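Chain naming here is simple, since letters A, B, ... match the order of the sequence lines and numbering starts at 1 in each. These numbers come from a predicted model, not from an experiment. The figures here come from the full heavy-atom set of this structure, side chains too, leaving out hydrogens, waters and symmetry mates.
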Amino acid sequence: MKYEHLQIEKKWQDFWVSNKTFRTPEIDELDRSKPKYYVLDMLPYPSGDGLHVGHPEGYTATDIIARYKRMRGYNVLHPMGWDAFGLPAEQFALKKKVNPKVGVEECVIRFRGQLQALGFSYDWDREINTTDEEYYKWTQWMFLKLYNSYFDVEENKAKPIGELKIPEGLNEEEKAKYIDSQRLAFISESPVNWCPELGTVLANEEVPEQMEKGFTVVRRMMKQWKLRITKYAQRLLEDLDRLDWPDNIKKLQTNWIGRSDGAIVKFEIKSNDGKDRSIEVFTTRPDTLFGATYMVFAPEHKLIPEITSDEQKEAVNKYIDAAAKKSDLERAELSKDKTGVFTGAYALNPASGIEIPIFISDYVLMSYGTGAIMSVPGHDDRDMEFAVKFGLDIIPVVTPEKFKDVAFRKIKTDEGEIIISGKGLEKMLNGEAKEFHAYCDEVKEGKTCFTEEGYSINSGFLTGLTTAEAKEKMIKWLEEKNIGRRNTNYRLRDWLFSRQRFWGEPFPLIHFEDGKIKALKEEDLPVKLPQVSSYTTSKTGESPLSLIEDWLYTTDPETGAKVKRETNTMPQWAGSCWYYLRYIDPKNNNIFCDIDKEKYWMPVDLYIGGSEHAVLHLLYARFWHKVLFDLGYVTTQEPFNVLFNQGMILGEDGVKMSKSRGNVINPDDMIREFGADSMRMFEMFMGPLEATKPWSTEGIAGLHRFLSRVWRLVVDDRTGEINSKIVNDAPTEDEKKLIHSTIKKMTHDIEDGDMKFNTSIAQMMIFVNEMYKLEKVSKEVVEKFILLLSPYAPHISEELWQRLGHSESLAYHTWPEYDENYTKAEQITVAFSVNGKVRSKKNVDVDMNEKDLEQAAFDDEFIKKHIMGKEVVRIIVVKNKMVNIVVK
RNA sequence: GCCCGAGUGGCGGAACUGGUAGACGCGCAGGACUUAAAAUCCUGUUGGCUGCAAGGUCAGUAUCGGUUCGAUUCCGAUCUCGGGCACCA
């Protein structure tokens, strides 16, 4: 009987499902004395195309770990579910004029079928779907928690909004406004990427994709819901330290959060109307304040209309209009050439006292810092470029270290140390400082821009200090004069949380006629999406929900007043922010996850997914988790303890798989032809999990060949009986050595967490090759090998296990132990080399002492030949490795 | 431009803390079985030169240089490819 993968795989998949082999018991039935292991895949979006070969790569790795841990006696949680809200489903629904639910259900069935066909050991009883009403009820519930919380800066944590201290002397309306301004979920007017053809806003990361398809994207101001993730910037940054994540992912998040330390500096504005005004700017280089020769405001800055002179009004307005029309992308792309307009207003440099002009330019972003900057063209590339273009003054205020001796002199006098620089010093130096002056001239002319740290020059009380010292001194000076303070800025923006779509979680909010907004109560959840058979986009930029009047108009459950529902829906990221908690307690109707169960299972012990989620999903989920922690709903500060990123699988031609290139490999075809076990084995054999590597159909055939060899080792091809060479004898010494070193290698490969399963598979191949050479093989050894193979190729393993006479599944059988004594060879090959070049090899006893080894080398004929007639100057002996003789 | 990561046979990739480069698989070549083919099994497979042969010898882990008795591994510079960020003051 040949290795019939289709039949075997079907048999065991049915067995696992009907026996619920991989069901994780509820917490009260669990043996709590056993350790737990929570191994999780990133929540997939069930697209219409079905799985591609990249999906099973990560899933196979987690499945191997899950199966291994079960055999090691852990309570394992290994669930799967669907992130089914999202734009593709919505586009499909609009095109086919159906409810997106219809398409999603089909996709889920297909995806689930494909995953089961690969034999993954998920507990399907815990399957979740972010679009189920019973699931998104809790997403809405969490939104309410965010809405009804504020961030206490003193305690550095979120608290219920009821605990917010409200400033005294406010009337009711002001109070409400103040409270709204502190909520973690808040509404604000902000620019969005509006796509007229699609009739929706797009997330930044969706813009390039849609523009490629020929759609237009314009910037537009709209009222948007946002989440105050910026309050958590510092904690999100600090807590990266406690996570066992790849360094590059930590770095990506660190950069994304983008902490900058510096100072806020206040500049007085000399306005044309004589009113007193001032403007604050953020700078990371307060030490260069003396070199600030102009200021730039973002075009959206509110102060511009007030300060612009009559003569400049027209030009300024024109510039603002033009900037508003540009999308973020265009603003960035056209950035090579700096543009801007003078406002006609001036500010006073607080350090030098010089009047400096105020410009507007779109190279300054309204969304970072204060939306205005002080420009130090001598020491900032962008400022330099702008200054050259507009003919503005440039003052060098920092010198590279190499000029520090000619840039200034410290002289001790009776009154203490004084600094001499400038003209006075020039005379003293007698022309010695030529190069330094050339540097200064180049800076002034806009030819050189020194952006690194050095020593302050031309900077009054800072002159002669290092950049670090000058920063400190300037901040102190600013604080004393009350015109500035130390400050930290983050690049992280608040999370734009609303989308004008149908297919997302509705916000649990109602709008009264007078414009007031009210959050619904927990007991009013879920706010369900309308059960329409089809719908259309609105032309106004509102969600399609705004056209569904039956749904839109409702009554306030408390007062019965006529109200409108909020028509925005949440972004796709929302549901995946907390799904890992729902798996723990998927059917709970009272809370999203019982805290006792959370305490047992969390944090996730291993989380595997693609690096495309390095920032967004992983940052958003960490943020939500921290809010839940602050409010006491979870006991862990971080959700994902260990993270691993799988690499991409390319097409056979070495480039990314895509429909247009026609190099897409369909896993269904592979499973049909070679089997799920071959597929799993090959995906792991291609290389380390993290590597990007090309697919090879010839390669998977090789793994199928290997599994056939395993099959024939156990089963007689012709009769279907157990291979007659398998005997009940005790294992021979050679067999023991082989199986024990195989167990050792495979155990270590899984335990070390590097996810390099390719070498484990190579070891299994070596094992099988060796067994083929033997006349008789011990059944005990073969059985141990099948246990080792089972996490990788579970179907064939179960089948062979059964054929060898076991009535129970091997899924919970103990993982084989190895004996260190059998993993060591008695003899080892050592290399003898002369001057570092290997000239001979010899088998010697393990741990032969250095003296004997050295002697063996000198006795070696080839070595003799190479050292004959030469002087031996040095001998290096490394036990069990080599002897190197250095001759002259 | 900035920040990561990677360059090893025809291909995917091995090589523990510096100590025998190329495990394992694919492909290819040769052989066995077969009327034949498929399947299977066995052998060989980094390159050059040399030898009838066993072998000998030199070169070789992107390039150049350094440290070392010894470097795929450590250090410096350069090149190429992949990924991320991109006016964040």
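Ion pair A:Lys744/A:Glu820 flagged as a salt bridge, since at least one NZ, NE, NH1 or NH2 atom sits closer than 4.0 Å to an Asp/Glu carboxylate oxygen. Note on A:Lys266 versus A:Glu280: no salt bridge recorded, every NZ/NE/NH1/NH2 to OD/OE distance being 4.0 Å or above.
In this model, the phosphate group of B:U57 is approached by a side-chain N or O of A:His866 to a distance below 4.0 Å at OP1 or OP2. Contact between the side-chain N/O atoms of A:Ser833 and the OP1/OP2 oxygens of B:C69 is not found at any separation under 4.0 Å. In terms of phosphate contacts, A:Asn769 brings a side-chain nitrogen or oxygen within less than 4.0 Å of OP1 or OP2 of B:G25. Contact annotation: A:Arg874 does not reach the phosphate of B:G70 (side-chain N/O to OP1 or OP2, under 4.0 Å). Residue A:Lys693 places no side-chain N or O under 4.0 Å from the OP1 or OP2 atom of B:G25. Residue A:Arg839 has a polar side-chain atom (N or O) positioned under 4.0 Å from OP1 or OP2 of B:C58.
In this structure B:U57 sits in a base pair with B:G48, meeting the Watson-Crick or G-U test at under 3.5 Å. Pair assignment for B:C87: none, as no Watson-Crick or G-U wobble contacts are both less than 3.5 Å. B:C81 is paired with B:G5 under the Watson-Crick or G-U wobble criterion, all donor-acceptor distances under 3.5 Å.
Only the P atoms considered, B:C33 is 16 Å distant from B:C42, to the nearest whole Å.
Side-chain polar atoms of A:Tyr363 and A:Asp383 form a donor-acceptor pair below 3.5 angstrom.
The A:Leu252 side chain lies nearest to B:G84 when the options are B:C69, B:A89, B:G84. Here B:A89 is the nucleotide among B:C87, B:C24, B:A89 with the atom lying nearest to any side-chain atom of A:Tyr368. Checked against B:A89, B:C69, B:C85, the side chain of A:Ser260 finds its nearest nucleotide in B:A89. The side chain of A:Arg705 sits closest to B:C26 out of B:G84, B:G19, B:C26. Set against B:C69, B:C24, B:C85, the side chain of A:Arg491 has B:C85 as its closest nucleotide.
Looking at heavy-atom distances under 4.0 Å, A:Ser696 makes no contact with the nucleic acid at all.
Place A:Ser708 and A:Asn489 on RNA chain B by their nearest nucleotides, and A:Ser708 ends up nearer the 5' end.
Between the CD atom of A:Glu698 and the C1' atom of B:G10 there is a distance of 12 Å, given to the nearest Å.
The base of B:C4 has none of its N or O atoms less than 3.5 Å from a complementary donor or acceptor on the side chain of A:Asn248.
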